[in-house]
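In what follows, a single structure is set out as structure tokens and then discussed.
The figures here come from the full heavy-atom set of this structure, side chains too, leaving out hydrogens, waters and symmetry mates. We number each residue from 1, following the sequence as shown.
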Amino acid sequence: MINDWEQEQERLDQVTEKLRKRIAELEPEVAGLRSQAGEIRKRFWEEVTVNTSNNEDFEETFYSIKQQEALLSERERSYKLRVQQWKGMNKLLQSPYFGRIDFNEDGLGFSEQVYIGVSSFVDSDGLSFLVYDWRTPIASMYYDYSPGEAAYDTPGGRITGTMELKRQYQIREGRLQNVIDTSLTIGDELLQQVLGKSADSQMKSIVATIQREQNAIIRDDKSRMLIVQGAAGSGKTSAALQRVAYLLYTHREKLKADQIVLFSPNPIFNSYVSTVLPELGEENMQQTTFQEYLEHGLGTELRLEGPFDQIEYVLTEQATREYEARLKGIEYKASVAFLQALQSYAGWLGREGMRFNGIRFRDGDLITIEQMETKFYGYDPSIRLANRIAMLQEWLLQELTLLERKEREEPWVQEEFNYLDKEQYAAVHSELHKERGVFDFAEQYEEIQEFLQNKRRRDEADFDYAEREEELLRDMIVKEHFKPLRRSVKRMLFIDMVGLYAQLFGDEDAYKTMTNEAEVPGHWSEMCEQTKEKLGRLELFYEDATPYLYLKELVEGVRTNTEVRHIFVDEGQDYSMFQYEYLKKLFPRARMTVLGDFGQAIFTQATELYGAASPLIRLYGEADTNLIRLVRSYRSTREIVEFTKALLPGGEDIVPFDRTGNKPRLTVAGSGEQLAARMIEDLAALHAEGFDSIAIITKTAAESGEAYDRLTAQGCPSLRLVTQKTLTFEKGTMVIPAYLAKGVEFDAVLIYDASSRAYHRESERKLFYTACTRAMHRLHLYATEEWTRFIQELDSSLYEADPLGIGGAQLT
């Protein structure tokens, strides 16, 4: 092995030297291309001759600009490519590779040494790979096979052979730190070291430690729907981000980063994962939350409740009179039954019941609701609802054009004409100059074409300037007033969407007639009252947002996005089937990757992800759906995983990675002040151990505020309160509600209140489990009264307790 070590270090030195040489060659090339692009941009108009004397000169000018634009674009593209190569090589310089396989392909008779790193590096001959990118087909064997028979797939077919060696490296600043020969995907020793590190403020790439089951997620290139049910800390999100990098690499000729959308659980999570793809040399995909997408679809017409406001209501308002009706509404409005009811309702609207907003102008009816209804229901009823709406929209725009012409002679126009300012006169003079042949080349190309077609006719016209000026000014006045009317018609505001949605929530018989539903859910009248009261304030419950937009699409026509090719949904168990149907409709050409854990399903509208009964399978069909289950948990120590998995029915299937640490510790106090004082002591001890990412996790936002105030009042230093509005994830000590901590990990977690007062309902079990599973190295739980029954049900060997507690309090 000593000889091997020397050979490996010698090869590493050679590769490092070649990297340095290539970087040195690239630097002047990068600088030169940057300078060229800057110079072209600066001198852009100097290289273009603008001549508009006749049609031929116009066309020559246009193509001259296009040519200069293409040259600039090519230089900027070359510069971007060289910069990407330069950055990639500088990254490789620190650690050129992390793995090696020796592969003897069947029929060749010799073994090839394949070194694997975060990106490829080819020797100066342009043929010999010194380092293979981890996403190349041949590198897949490193993750999928032990030494022995092995194979990998290529566009040309399957390659078989024998893996004679699998080796892992730890390299820092060009020097070997560790060399491990292994029969496993990744040696426990190396993985132990990686997992034993402190949590970071941003998620890191895992390419050096990808496990076989994670590799199956990353390289799935066939499924239209990939569903990953993964235990807390199983690496499903990390694998998904490496999957994005793999897709961008494998399909780089036809897939761009902005054609991939990640739906994150909250804005903090977006910040947490934002560095993974740049670390791998790829641009970030589009990142959003489903809430942000809903708000974009709604625009400014309605104010939307957020998902975390909804969960706060569910967790805190059990004592209110309307609580059960609201829960029933959340459940029903997330169901496929309600989706089908809306489809039937759209069919009914095609026959009767459409609601419109009249178009008013200067305190009078320009086009009445009755006129719209007559026109709409006068169309052939066999034409689809959305197509008839489009026909009505076109008719309304035509009517506005006719009415606009009539309006020019009205007395109010003359009144405004008499009080026009200089700017308005100047605009008309500019228009008159255009008509005489003086043209501003900055107009759009379409206007250039239109000008060329009409120029000869205009040159021959004999203008009466005074008469034409008045005509144009009257036209301008009326156009300005009619512009908002046209804009509202184009935005479909002539449809009373709020009224159409509210119309659903009337009496029971009317609902059945409109939707063909045989039954209505329980608490129907209270649910209707709540919904209409909210709509009356131009607000929407969170559970109403997707159905509202779905109905809007049925009525106005689907605004699909055919550019997006991949959708990633994280914390997928918290989405309803209604929301999945809506996403599929919005992105008809996209493949979908859904990641989640039903054990962390904290929302009322949760969807089961895994198993033959999963409703997600029917979205794309069984043949196009791949289900993968991850049961091994890597985030937490064995002791924490043993504790947390016992909280969950079915948790016995979760397998902890063998990294040992302290058992979770339970502390009971006689009062909130004593508890806070003890927490401050524990925080100081954790910081002294070197843990600098610590979360005090509460059940609700209100409890977070209480904890923050109590701890700061007792002098707790550098505490940060995380709310829905927090946009970035940072190291330090934070107070955070459990539902905002989803998807994130911390060195240590302190559960602020683990008593039966805080967590007593069965529906809160998964929220409690979610909070506890955020901990990597330490988990402390506190209470001032008896423990939640979720803890009382556990075997006492799974935790350690302060038997005397604080202030004389006893552990129950």
Side-chain angles (χ1 to χ4, degrees), residues 198-199 232-233 635-647 659-699 703-704 706-708 710-711 714 716-720 722 731-738 741 744-759 767-788 790-792 794-807 809-812:
S198 294
R635 173 185 298 140
S636 309
T637 62
R638 171 178 284 277
E639 289 77 9
I640 293 174
V641 174
E642 294 291 358
F643 176 87
T644 55
K645 77 175 193 174
L647 296 170
R659 180 171 65 87
T660 59
N662 296 352
K663 288 182 180 180
R665 197 188 73 197
L666 276 58
T667 300
V668 66
S671 69
E673 286 68 28
Q674 291 174 345
L675 185 146
R678 179 55 180 271
M679 289 182 81
I680 291 171
E681 290 177 15
D682 290 342
L683 285 170
L686 290 166
H687 284 301
E689 283 190 74
F691 299 131
D692 55 5
S693 174
I694 302 173
I696 298 166
I697 299 184
T698 64
K699 178 182 172 183
E703 192 179 68
S704 281
E706 172 196 309
Y708 179 80
R710 180 170 283 166
L711 288 164
Q714 294 203 32
C716 186
S718 304
L719 203 58
R720 183 176 181 230
V722 175
K731 279 191 174 185
T733 304
M734 65 184 70
V735 183
I736 183 171
V744 185
E745 60 191 23
F746 306 91
D747 289 333
V749 165
L750 284 64
I751 304 297
Y752 179 73
D753 185 357
S755 72
S756 57
R757 179 182 63 84
Y759 297 94
L767 185 68
F768 185 69
Y769 168 79
T770 300
C772 293
T773 54
R774 302 305 93 202
M776 293 175 62
H777 309 297
R778 297 284 191 276
L779 176 60
H780 294 179
L781 302 97
Y782 303 83
T784 55
E785 49 190 83
E786 72 170 8
W787 296 105
T788 171
F790 308 145
I791 290 177
Q792 292 187 45
L794 299 181
D795 188 316
S796 60
S797 66
L798 293 174
Y799 54 81
E800 60 181 31
D802 292 334
L804 298 179
I806 308 167
Q810 298 293 316
L811 176 68
T812 302

Going through the distances and angles, do Y752 and L675 end up as a side-chain contact (heavy atoms from CB on, under 4.5 Å)? CA-CA 9 Å; Y752 179 73; L675 185 146; 4.1 Å; yes

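- Contact between E785 and S756 at its shortest, heavy atoms only, is OE2-OG, 4.3 Å.
- Legend: residues meeting salt bridge (charged side-chain N to carboxylate O under 4.0 Å, His left out) with E689, ordered by chain and number and at least two apart, are R778.
- A donor-acceptor pair is defined here as one N or O able to donate and one able to accept, closer than 3.5 Å; such a pair exists between the side chain of Q792 and the backbone of W787.
- For the pair R774 (side chain) and T770 (backbone), a donor-acceptor distance under 3.5 Å is present.
- Of the possible donor and acceptor atoms, one in the side chain of R659 sits under 3.5 Å from a partner among the backbone N and O of R635.
- Side-chain N or O atoms of T788 include one that pairs as donor or acceptor with a backbone N or O of Y759 at under 3.5 Å.
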For T644 and S636: C-alpha separation, side-chain torsions, deciding distance, then whether side-chain contact (heavy atoms from CB on, under 4.5 Å) applies. CA-CA 10 Å; T644 55; S636 309; 6.0 Å; no

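- Here the straight-line distance linking atom OG1 of T667 with atom OH of Y782 works out to 5.5 Å at 0.5 Å rounding.
- With sequence neighbours excluded, the residues that form a side chain to side chain donor-acceptor pair (under 3.5 Å) with S755 are D753.
- Annotation: side chain to side chain donor-acceptor pair (under 3.5 Å) contacts of E639 (sequence neighbours excluded): none.
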Report the C-alpha distance between T733 and L686 in whole Å, list the side-chain angles of each, state the deciding distance to 0.1 Å, and finish with yes or no for side-chain contact (heavy atoms from CB on, under 4.5 Å). CA-CA 11 Å; T733 304; L686 290 166; over 6 Å; no

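- Taking all atoms of both residues into account, the shortest heavy-atom contact from M679 to I696 is CE-CG2, 3.6 Å.
- Here the CD1 atom belonging to I694 is positioned 10.5 Å from the CG atom belonging to L719, to the nearest 0.5 angstrom.
- Annotation for F643 and C772: closest pair CE2-SG, 4.4 Å, computed over non-hydrogen atoms.
- The aromatic rings of F768 and F790 are tilted relative to each other, their planes meeting at an angle between 30° and 60°.
- In this structure, E745 contributes its side chain and M776 its backbone to no donor-acceptor pair below 3.5 Å.
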